[in-house]
Structures are given as C-alpha cells and as structure tokens.
*Asks:* 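Handing you a structure now.
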Amino acid sequence: MDSSASSKAAAAPSPARIARAACIGGGVIGGGWVARFLLAGIDVAVFDPHPDARRIVAEVLANAEAAYGALTDAPLPKRGALTFHETIAEAVAGADWIQESVPERIDLKRRILAEIDAAARPDALIGSSTSGLLPSDLQAGLSHPERVFVAHPYNPVYLLPLVEIVGGRMTAPQVVGDAVRLLAPMGMKGVPIAREIDAFVGDRLLEALWREALWLIKDGICDVETLDDVIRYSFGLRWAQMGLFQTYRIAGGEAGMRHFLGQFGPALKWPWTKLTDVVDLDDALIDEIAAQSDAQNEGLSIRRLEQIRDRNLVGILQALKAGDDGRGWGAGKLLADFEKRLESRAAAERPAADAGAPRSHSVRVAPSWIDYNGHMTEHRYLQILGDATDHVLRGIGVDLAYVEAGASYYTVESHLCHLGEAKLGDTITAESRVLSFDGKRLHLFHRVARAGDGAVVATGEHMLLHVDRASGRAAPAPETILKRIAALVVAQPADDLQTRTAAGRAIRPAAPPPPPTADQDTAPPSSTRG
Ligand SMILES: NC(=O)C1=CN([C@@H]2O[C@H](COP(=O)(O)OP(=O)(O)OC[C@H]3O[C@@H](n4cnc5c(N)ncnc54)[C@H](O)[C@@H]3O)[C@@H](O)[C@H]2O)C=CC1
Ligand SMILES: C[N+](C)(C)CC(=O)CC(=O)[O-]
C-alpha cells in the first residue's frame, strides 16, 4: 500500500452501521456472505446471473441457520430481507456495504467493480472477496477507488469470523478502520493487513502448506487421506486455539520461544522443504488427487460434508467460548462478545412496557443434544432451564454488568420434571413465572413446551438466593431489582392448573418392598426401574 496521503482521495464518512448489503456473486463465498449478513438482521440484495443462484443461496442459508441454531442461544435479530436483482445497479442501489464475490479473474472483477462503482452510493464500502489479487489492481480506473478494499473471508463465511482487510494505493485509510468497525456487530473480526501483498497473510500460509502437500502426494509419500489425518489428529487441533507462535512458545518449554528458535531454527536449512519449488499440477497429478479424494469421501455429498464441518466448527467455537476459565479464548471470546452485543441489542429493543411481562426463552434442539434414546438428553433440560432463569434475571436487570459489579442470584435448589420428549430440530420454549420472592429469595417456575403442538415436555422449579459475590453469602437484593420482580408478578397471568399441581411437588417414593420371607432371604432385591 502506498503510504503517501496525496495518492488517496478523501472518503465520504462511512455509514454508521450496515442496514443494507449487496452481494455480487452468490456462490460458495458470496452465499456465505449473504447468510452472515441476513442472520445479523441486515437486508441483502443479490446479483448473480447463474440460473440456480436462488437455490444455491437458499441451501447455504439453510446450512447457516442450522449452524446458528446450534451455535448460540443469544437472541438473534429478525432475519434480514433477501432479494434477487436483474442488474448490478439495481442490487447495489442504497447499499451500505457491497461485497464482490465473483470468480477469481482480474478482468471480470475489474468489470464488475466498475459497474458497482458507477451505481453505488458514494459513501458505500466496497469489499472484494478475492483470495489474492492486489486491491491496487482492482481499484484502478474507478471513480471512487478510496472506498474499495479487499475483504478476504474464510469458508464458511457465516461461521469463520476472520476477514483480512487490505487497502490498495488509493484506499482511504479511514475506510479500512470503518470496515473493521462495521464487521464487528456481525461477529466478524476484521484484521487490517499493513501492506498489500499477493494472497495477503492467510493464503500465503495456506499456499505454502498446499504446495508441500502436493509434492508429498506427487512423490508418492502419502495419499490425501494420510495427509488429512496428519493434520486433523495433530496440529490442526492446536491451530484452532493458539495459532503458530503461541503453540511453539509452549513447545520451547520453560525456556520459551528463544530456546525453541535456537533448537529448531537451524532445521529450516536442512533439506526438508520444497516450499519454493512449485509442483507441476499436470493431468496425471490432478487425476490421482481427484481419485483419492473421491475415494476418501465416498457417499458424502458436498452438502453433507458442509453439515459435518459446520457441526464440528460449532462444537469447537463453543469449547473455545468456555476456554480460559469461562472468559473465552480466541474465536470463542469473539463469540462471547458477539452474544453480549446481541443481548444488549435485544434489551435495548425490548419495549419499556415489556419490562414487567412474563419471560420466555426459545431454543432449537441441536444434534449434539440427542442421546442414545433418540431424544434430548437429561442435562440439556437443566441447561435450558438455567438459560430460562438467566433470561428472567437479565429482564430484571441482573445482567453481566450487574454480576461484574459484585452481586448475583445463585440457584440453590432445582426440581426438574420430565413430561414429554423433545426431538432433534424441535423448537422448545421455556415460559417463566415468579412463584414467590422476598429480599433474598427468588422462586421461579419454568414450563418447557414444544413449538407446533404446544406439548409440555418439562417443568422446572428453582429457588435462587441473592448473593454478595465477594463474601459468597446471601445478601438482600437492592430495591430496584425487587421492584422489577414485583412488576413481573403483577404482569404474569394467574397460576394455571399445571403450575399449581406441578409447583412444590416432591418426588413420590416407590412403595417400600414387603419384608423378605424366610425363603426369599438370599434372592436379589427387586428393581422398580424400567
Ligand atoms: N472458495 C473459497 O474457498 C474462497 C473463495 N474466495 C474468493 O471468493 C470469490 C468467489 O469464489 P467462490 O465463491 O469460491 O466461487 P464460485 O464459483 O462458487 O462463485 C462465484 C459466483 O459468481 C457468479 N458470477 C459469475 N459471473 C458473475 C457476474 N458477472 N456477476 C455476478 N456474479 C457472477 C457465479 O454464478 C457464481 O455463483 C473469489 O474471488 C475467490 O477467490 C475467498 C475465500 C475463500
Ligand atoms: C483456496 N482459497 C485460496 C480460495 C482459500 C481461501 O481464500 C481461504 C479459505 O477459506 O481457505
């Protein structure tokens, strides 16, 4: 990137947020961007001349929605509106952010960007998904080059947060910062790359690995399955959470990175690597790799592979969210921050009149929640009930800021009744009510029902104590909180029969077995378990 300010035109101030996006190209990456925008509540206008563009985008979106259903219980905004358009000019009209994701050909991208440039609002940000073309080459000849930059995402765009933001010679510096800011509310991490280079940072690394991998196959050292195993059973697991340098720091033992470099650095000069030597990707090698890849994935369609990948990524992201003793680590910390934004946005959008209304909390039953009996496993009920309790607490002002300020409610007793089965994909909703409360105690009841037929699958009754977190002891809740609880009680409907009969129930013990007769003394005790 040229550092001289004179070559950069001043840019009009960028929009405060993305309310409307345009996606030019709706294939693997464009479709992923469409899903990312829509699920963040942003309206998206698409232009893609492919005859199946609508179907392809719909399939990517379905995958993305399934992944988000499992990824987070945070209140996602209402999905944005999706429209398809006959021309680029129509699609980009009024858009705050335009994302170009057409095939990787410089002539095509330049032509498309010129059309976008001619029709876009002068303050719109224009990102290209290119994996390696230089932004300076893409922006040449445009009337608003200062708004054009590379926004290079990773597949699947709706789950992987990174976007490399690379400005060209004529990109206004503030546009790079604005792009980072505008991506954040979508749960994405824009990383500015200081200087434009071919393939930026991520693909430089991937290409190096890819080149070695092709040599290893060409030289008959391993096949694609062995190569993938080597990655997924070892450093692939490490890289999701610590990258290269933090991982190698640990590998240096207590002496750390300096020792690691001293010990393993010299090996770089050994004849281990073919990194600078490009393999000839001739027909024979392509045939060999394609055949091995077909064998490796026999019976697995691309959509099925995408679903497996997405579920694995969701699991990894959730594990990372719990990392560093619950503070979140890497992409998991980003997910936690994204959820906090969603919570605050939902709280800000909740009408004031709703403050005293009864609370309800909905979730979709995820694949990892199903047990060997084919229905939702036991501990997930407790998770849903716990989340429903959190939902009530946030509604009365006991949110993360309140907890960080030193007080909270702790659950001290729970009673869970299983009344029906929840199956994969069911949406279930916990409706909550306050049964009683005083200065320190809050007595909640949640009824968990299936959407559709409304069948109640579980109830939960919980006693919570207001606690001073420093001493770990019960302490009176402040008046403001007690007033909000009182407002909840006033707003909730009168107790129905189910609540009256379920609340306060104790587990009824089975009738004790009759005392053994003399001839039964050695028989095993009978069991009442089915
Ligand atoms: N596939 C990947 O893993 C990644 C790709 N990228 C980049 O994303 C861009 C798109 O790549 P993919 O989505 O993989 O390709 P793709 O082939 O899946 O999608 C390209 C889409 O552009 C559409 N298209 C073709 N001509 C068009 C035109 N004149 N106007 C509008 N749309 C047009 C096609 O119909 C197709 O739907 C490329 O620049 C690529 O380098 C970036 C990150 C990862
Ligand atoms: C193969 N690729 C160069 C298009 C890959 C990328 O650009 C990023 C990714 O998702 O791996």
Side-chain angles (χ1 to χ4, degrees), residues 21-36 44-61 63-64 83-92 95 98-120 126-135 137-138 148-166 183 188-191 193 197-211 213-214 228 231 236 239-240 281 289 293 302-303 305-306 309-310 313 331:
C23 288
I24 308 304
V28 172
I29 290 304
W33 276 108
V34 171
R36 179 66 90 161
V44 183
V46 179
F47 171 75
D48 188 321
H50 194 291
D52 287 338
R54 284 168 195 260
R55 176 186 59 76
I56 293 167
V57 167
E59 287 179 7
V60 176
L61 185 56
N63 272 355
T83 50
F84 286 84
H85 299 266
E86 294 301 317
T87 63
I88 289 181
E90 217 183 86
V92 305
I98 298 153
Q99 187 68 26
E100 169 276 304
S101 311
V102 302
E104 192 79 333
R105 288 195 345 250
I106 183 86
D107 58 321
L108 176 65
K109 285 196 186 275
R110 275 188 160 157
R111 184 164 62 71
I112 299 291
L113 284 165
E115 275 194 62
I116 293 173
D117 178 56
I126 304 171
S128 168
S129 297
T130 177
S131 305
L133 299 172
L134 294 180
D137 291 341
L138 295 175
V148 174
F149 52 92
V150 166
H152 177 238
Y154 285 72
N155 189 34
V157 182
Y158 50 82
L159 279 180
L160 298 191
L162 183 73
V163 187
E164 290 172 285
I165 306 289
V166 194
L183 290 172
M188 298 190 98
K189 186 169 177 69
V191 171
I193 304 298
I197 50 164
D198 300 298
F200 329 123
V201 175
D203 276 338
R204 284 286 278 265
L205 297 171
L206 288 174
E207 294 290 306
L209 190 68
W210 172 234
R211 214 173 301 147
L214 292 178
D228 282 352
I231 295 174
W239 281 357
L281 202 54
I289 292 175
S293 177
I302 288 293
R303 291 286 170 259
L305 282 170
E306 283 173 349
R309 174 202 64 191
D310 287 1
L313 287 173

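Note that ligands are numbered from 1 as they come in the structure, with each ligand's atoms numbered from 1 the same way.
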*Asks:* May I ask you to identify the nearest protein heavy atom to atom 5 (C) of ligand 2, giving residue, atom name and distance to one decimal place in Å?
*Replies:* Asp203 OD1, 3.6 Å

*Asks:* Indicate yes or no: at least one non-hydrogen side-chain atom of Ile24 is less than 4.5 angstrom from one of Val102.
*Replies:* yes

*Asks:* Mind checking whether Lys189 and Leu183 have side chains closer than 4.5 Å, heavy atoms only?
*Replies:* no

*Asks:* Restricting to non-hydrogen atoms, name the atom on Ala64 and the atom on Tyr158 that form the minimum distance, rounded to 0.1 Å.
*Replies:* CB-CG, 3.5 Å

*Asks:* Less than 4.5 Å apart, any side-chain heavy atom of Ile165 and any of Phe149?
*Replies:* yes

*Asks:* Out of Val102, Leu133, Thr130, indicate the one that has the non-hydrogen atom closest to atom 9 (C) of ligand 1.
*Replies:* Val102

*Asks:* Flag the pair Val150 / Ile193 as yes when at least one side-chain heavy-atom distance between them is below 4.5 Å, and no otherwise.
*Replies:* no

*Asks:* Ignoring hydrogens, tell whether any protein atom lies closer than 4.0 Å to atom 15 (O) of ligand 1; use the non-hydrogen atoms only.
*Replies:* no

*Asks:* Assess whether a salt bridge exists between Asp107 and Arg110, defined as any Lys/Arg side-chain N lying under 4.0 Å from an Asp/Glu carboxylate O.
*Replies:* no

*Asks:* Name the closest protein heavy atom to atom 11 (O) of ligand 2, giving the residue it belongs to and the distance to 0.1 Å.
*Replies:* Leu206 CD1, 3.6 Å

*Asks:* Report the nearest protein non-hydrogen atom to atom 4 (C) of ligand 2: residue, atom name, distance rounded to 0.1 Å.
*Replies:* Ser131 OG, 3.2 Å

*Asks:* Between Glu207 and Arg211, does any NZ, NE, NH1 or NH2 come within less than 4.0 Å of an OD or OE carboxylate oxygen?
*Replies:* no

*Asks:* Is there a protein heavy atom less than 4.0 Å away from atom 1 (C) of ligand 2?
*Replies:* no

*Asks:* Ignoring hydrogens, what is the shortest heavy-atom contact between Ala331 and Pro161? Give both atom names and the distance.
*Replies:* CB-CG, 4.3 Å

*Asks:* Within the protein, is there a heavy atom lying under 4.0 Å from atom 24 (N) of ligand 1?
*Replies:* yes

*Asks:* Just to confirm my output: which protein heavy-atom neighbour is closest to atom 19 (O) of ligand 1, and how far is it?
*Replies:* Gly27 CA, 3.4 Å

*Asks:* Go through ligand 1 atom by atom and flag the ones less than 4.0 Å from a non-hydrogen atom of Pro153.
*Replies:* 43 (C)

*Asks:* With distance as the sole criterion, is a donor-acceptor pair present between the side chains of Gln99 and Ser129 under 3.5 Å?
*Replies:* yes

*Asks:* Looking only at protein heavy atoms, identify the closest one to atom 3 (O) of ligand 1 and say how far it is in Å.
*Replies:* Asn155 CB, 4.0 Å

*Asks:* Before you tell me yes or no, could you show the steps for His85 and Phe47 under ring-ring contact (aromatic ring centres under 6.0 Å, His included), namely the whole-Å CA-CA distance, both residues' side-chain angles and the distance that decides it to 0.1 Å?
*Replies:* CA-CA 5 Å; His85 299 266; Phe47 171 75; 9.1 Å; no

*Asks:* If we only count heavy atoms from C-beta on, is the Trp33 to Val163 side-chain gap below 4.5 Å?
*Replies:* yes

*Asks:* Measuring from atom CD1 of Ile126 to atom CD1 of Ile116, what distance do you get when rounded to the nearest 0.5 angstrom?
*Replies:* 6.5 Å

*Asks:* Which option out of Val150, Asp48, Val163 puts a heavy atom nearest to atom 36 (C) of ligand 1?
*Replies:* Asp48

*Asks:* At their closest point, which heavy atom of Val60 faces which heavy atom of Gly32, and how far apart are they?
*Replies:* CG1-N, 3.8 Å

*Asks:* For atom 40 (C) of ligand 1, grab the closest protein heavy atom and report residue, atom and distance to one decimal in Å.
*Replies:* Ser131 OG, 3.6 Å

*Asks:* Does any N or O of ligand 1 fall below 3.5 Å from an N or O anywhere on His152, backbone included?
*Replies:* no

*Asks:* Of all the non-hydrogen atoms in the protein, which one sits nearest to atom 22 (O) of ligand 1, and at what distance?
*Replies:* Pro103 CD, 3.4 Å

*Asks:* Please write down residue, atom name and distance for the protein heavy atom closest to atom 18 (O) of ligand 1.
*Replies:* Val28 N, 3.0 Å

*Asks:* Would you say Pro49 contacts ligand 1, with heavy atoms under 4.0 Å as the rule?
*Replies:* yes

*Asks:* Below 4.0 Å from ligand 2: does a non-hydrogen atom of His152 turn up there or not?
*Replies:* yes

*Asks:* When rounded to the nearest 0.5 angstrom, what is the spacing between OG in Ser101 and NZ in Lys109?
*Replies:* 6.5 Å

*Asks:* For Glu104, is at least one N or O under 3.5 Å away from an N or O on ligand 1?
*Replies:* yes

*Asks:* Number the atoms of ligand 1 from 1 as they appear, then name those within less than 4.0 Å of a heavy atom of Gly25, with their elements.
*Replies:* 22 (O), 31 (C), 32 (N)

*Asks:* Would you say Glu100 contacts ligand 1, with heavy atoms under 4.0 Å as the rule?
*Replies:* no

*Asks:* Nearest to atom 7 (C) of ligand 1, what protein heavy atom do you find, and at what distance?
*Replies:* Ser129 O, 3.3 Å

*Asks:* Please check whether Arg111 reaches ligand 1 - meaning an N/O of the residue sits under 3.5 Å from an N/O of the ligand, judged on distance alone.
*Replies:* no

*Asks:* Report the member of Ser101, Gly30, Gly26 with the shortest heavy-atom distance to atom 20 (C) of ligand 1.
*Replies:* Ser101

*Asks:* Has ligand 1 got any nitrogen or oxygen that is less than 3.5 angstrom from a nitrogen or oxygen of Leu108?
*Replies:* no

*Asks:* I need the nearest protein heavy-atom contact for atom 30 (N) of ligand 1: residue, atom name and distance, please.
*Replies:* Phe47 CE2, 3.4 Å

*Asks:* Give me the nearest non-hydrogen protein atom to atom 10 (O) of ligand 2 as residue plus atom name, then the distance to 0.1 Å.
*Replies:* Asn155 N, 3.0 Å

*Asks:* Using a 4.0 Å heavy-atom threshold (strictly under), name the region of Leu160 that reaches ligand 2: side chain, backbone, both or neither.
*Replies:* neither

*Asks:* From the options Ile88, Thr87, Ile29, Ile112, select the one whose nearest heavy atom is closest to atom 28 (C) of ligand 1.
*Replies:* Ile112

*Asks:* State the atoms of ligand 1, each with its element, that fall below the 4.0 Å cut-off from a heavy-atom position in Lys109.
*Replies:* 38 (C), 39 (O)

*Asks:* Nearest protein heavy atom to atom 9 (C) of ligand 2, by residue and atom, and its distance?
*Replies:* Tyr154 CD2, 3.5 Å

